[in-house]
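Some notes on the structure that comes next.
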Amino acid sequence: MSWSARSGVALGCRARPIVDLSYSRHFLDFQGSGIPSAMKKLVVTRRSPNFREAVALRHGVPVPLPGDGDLLVRNRFVGINASDINYSAGRYDTSVKPPFDIGFEGVGDVVALGLSASANYTVGQAVAYVKAGSFAEYTVVPAKQAVPLPSVKPEFLTLMVSGATAYISLKELGELSEGQKVLVTAAAGGTGQFAVQLAKKAKCHVIGTCSSDEKGGFLKSIGCDRAINYKTENIESVLRKDYPEGVDVVYESVGGKMFDLAVNSLATKGRLIVIGFISGYQNPTGLSPTKAEVLPAKLLKKSASIRGFFLNHYFSEYKMALKHLLEMYEKGELVCEVDLGDMSPEGKFIGLESVFRAVDYMYMGKNIGKIVVELPHSVNSKL
């Protein structure tokens, strides 16, 4: 059945005036192949911090219809985030019952759109977005939430959540100034890479923790002043010896023992920004133990502070941040390292099936940069 015919049926049955059917080109894949009637997507079928237990790959799911102000995006690259596990465990919104869609961000082509959306977008346009449900071959995205791009490149995906988190949290909470010492944990990861670069642009001295010499080399290549490989060096000893006055800002995403160490390493009036605690996400509670009972005394002694950062609470700053990040990347002022899994045991992450491997790869700490999964589509595929 053709897309326009299907749309007409859907409109008739549900009385949804979602599109002007005279815009027949909106219902055709811009490369000439028909939009399929069914697709694959990942669905959370039960709440669990074990991603493989929580999530199932569904076949034959109807391709969704865009509403009047929506775009239908054929996903070409989707981003993997540590918090995918928090989402599959139902930690963000306990009222949502399985089954529900998963995946936070995607980059792809507009293949269909509603009439209102066509005022600003066209079929074939490259866009990125942040919206639940990206782990699918096609996703409906409100046009007002989409970000137009010059081309479909995985590098743009690194900025959507990871880059924006680093940019906004350091700007709003970091109070960076020239000459300050900034410690970035998991510095070679998806968001750590941006914290390192942005702190350097603020003329700070940057220390980054990582788990291999290869990652250490990458950190030095993006400007990190001191990379600490915690597999071969003791982070606490290095910080005590090389930074006896402490560090002014910590960009912290690991949690557990690393969080305790970061608190102990704060300088007078130091700021610790918590953007995550990946060490605990796979636990039943989502947490790993910290020495919280002595925290008030330690903060008081140093006039130090700890502030949490969750991107959803800063969407008022999001478009400005993303615009600036995109400009920096386009000018060659920002490295957007992408890890497509080429060095993983089973090779590159291609297709929704490989999202499971990609999540495992991240929790093993193997990635350098942002983990991205490619979703290939052959031009004439009917799926």
Set of side-chain contact (heavy atoms from CB on, under 4.5 Å) partners for Thr139, sequence neighbours left out: Asn75, Tyr129, Lys131, Ala136, Val141
Flag, side chain of Arg74 to backbone of Asp109, donor-acceptor distance under 3.5 Å: no
All side-chain hydrogen bond (donor to acceptor under 3.5 Å, both in side chains) counterparts of Glu330, not counting sequence neighbours: none
Exam field: side chain Ser116 to backbone Gly69, donor-acceptor pair closer than 3.5 Å: no
Heavy-atom pair with the smallest gap, counting every atom of Glu337 and Ile368: CG-O, 3.6 Å
Within one Ile-Leu-Val-Met-Phe-Trp-Tyr cluster: Phe51 and Val372, side-chain cutoff 4.5 Å: no
NZ/NE/NH1/NH2 to OD/OE distance under 4.0 Å, Asp101 and Lys41: yes
Residue pairs involving residues 42-60 (criterion salt bridge (Lys or Arg N to Asp or Glu O under 4.0 Å); sequence neighbours excluded): Arg46-Glu53, Arg52-Asp360
Point-to-point distance, once rounded to the nearest 0.5 Å, from OG1 of Thr191 to CD1 of Ile275: 4.5 Å
Interatomic spacing from CZ in Phe135 to CG in Leu352 - rounded to 0.5 Å: 8.5 Å
Any donor-acceptor pair under 3.5 Å from Thr209 side chain to Ala186 backbone: yes
Under 3.5 Å donor-acceptor, Glu374 side chain and Gly351 backbone: no
Plane angle bin for Phe104 and Tyr92 - parallel if under 30°, tilted between 30 and 60°, otherwise perpendicular: tilted
Within the 6.0 Å centroid threshold, strictly below: Phe259 and Phe277: no
Within 6.0 Å of CE in Met320, more than 12 heavy atoms from elsewhere: yes
Distance in Å, Leu239 CG paired with Ile207 CD1, rounded so as to fall on 0.5 Å steps: 6.5 Å
hydrophobic_cluster_shared for Met328 and Leu157, side chain cutoff 4.5 Å: yes
Side chain to side chain contact (heavy atoms under 4.5 Å, CB included) between Thr165 and Tyr251, intermediate numbers included: CA-CA 11 Å; Thr165 294; Tyr251 184 85; 3.6 Å; yes
Test side-chain hydrogen bond (donor to acceptor under 3.5 Å, both in side chains) applied to Ser354 - qualifying residues, sequence neighbours left out: none
Enclosure of Glu214 CD (heavy-atom neighbours >12, cutoff 6.0 Å): no
Short side-chain donor-acceptor distance under 3.5 Å, Asp93 and Ser95: yes
Distance-only donor-acceptor hits, side chain of residues 300-314, under 3.5 Å, sequence neighbours excluded:
| unit_1 | atom_1 | unit_2 | atom_2 | d |
| --- | --- | --- | --- | --- |
| Lys302 | NZ | Val263 | O | 3.3 |
| Lys302 | NZ | Asn264 | O | 2.9 |
| Lys302 | NZ | Leu266 | O | 2.9 |

Main-chain N/O of Gly369 paired to Asn367 side chain as donor or acceptor, under 3.5 Å: yes
Six-ring centre of Phe218, Lys215 cation under 6.0 angstrom, axis tolerance 45°: no
Stepwise side chain to side chain contact (heavy atoms under 4.5 Å, CB included) test for Tyr87 and Asp84: CA-CA 5 Å; Tyr87 203 65; Asp84 289 329; 5.6 Å; no
Main-chain N/O of Ile222 paired with Gln197 side-chain donor or acceptor, under 3.5 Å: no
Note: Lys181-Asp225 ion pair, threshold 4.0 Å (strictly below): no
Gap between atom CG of Leu173 and atom CD1 of Ile168 - 0.5 Å precision: 10.0 Å
Heavy-atom pair with the smallest gap, counting every atom of Ser211 and Tyr230: CB-OH, 3.3 Å
Ring centers of Phe156, Tyr329 separated by less than 6.0 Å: yes
Candidate pair Glu137 and Arg76, rule salt bridge (charged side-chain N to carboxylate O under 4.0 Å, His left out), full reasoning: CA-CA 8 Å; Glu137 290 177 320; Arg76 297 272 297 281; over 6 Å; no
Salt bridge (charged side-chain N to carboxylate O under 4.0 Å, His left out) evaluation trace for Glu333 with Lys201: CA-CA 10 Å; Glu333 297 172 358; Lys201 289 188 182 303; 5.1 Å; no
Atom pair CG (Leu71) and NZ (Lys144), whose distance is rounded to the nearest 0.5 Å: 12.5 Å
Polar side chain donor-acceptor pair, Glu105 to Ser134, under 3.5 angstrom: no
CD/Glu245: more than 12 non-hydrogen atoms of other groups inside 6.0 Å: no
Leu159 vs Leu326, side chain to side chain contact (heavy atoms under 4.5 Å, CB included): CA-CA, chis, key distance, verdict: CA-CA 8 Å; Leu159 303 174; Leu326 285 165; 3.7 Å; yes
Side-chain (Arg357) to main-chain (Gly347) donor-acceptor, under 3.5 angstrom: yes
Over 12 foreign heavy atoms within 6.0 Å of NZ, Lys366: no
Joint hydrophobic cluster, Val147 plus Val140, side-chain heavy atoms closer than 4.5 Å: no
Under 3.5 Å donor-acceptor, Ser265 side chain and Gly246 backbone: no
Tyr243 and His205 aromatic ring geometry - parallel, tilted or perpendicular at 30°/60° bounds: tilted
Where Ala227 and Lys220 come nearest, the two heavy atoms and their spacing: CB-CE, 4.4 Å
Value rounded to 0.5 Å, distance of OG1 in Thr158 from CZ in Phe194: 3.5 Å
Trace of the side chain to side chain contact (heavy atoms under 4.5 Å, CB included) decision for Val247 with Val182: CA-CA 6 Å; Val247 294; Val182 178; over 6 Å; no
Same apolar cluster: Val152 and Leu375, side chain cutoff 4.5 Å: no
Path from Leu340 to Val359 over hydrophobic side-chain contacts below 4.5 Å: no
Side-chain (Gln180) to main-chain (Ser177) donor-acceptor, under 3.5 angstrom: yes
Presence of salt bridge, Glu236 and Arg240, under 4.0 angstrom: yes
side-chain hydrogen bond (donor to acceptor under 3.5 Å, both in side chains) against Ser162, all qualifying residues, sequence neighbours excluded: Lys370
Salt-bridge criterion met for Asp260 and Lys291 (N-O under 4.0 Å): no
Smallest separation among heavy atoms of Ala166 and Ala195, with atom names: CB-N, 3.7 Å
Backbone N/O of Ala82 and side chain of Tyr363: donor-acceptor pair under 3.5 Å: yes
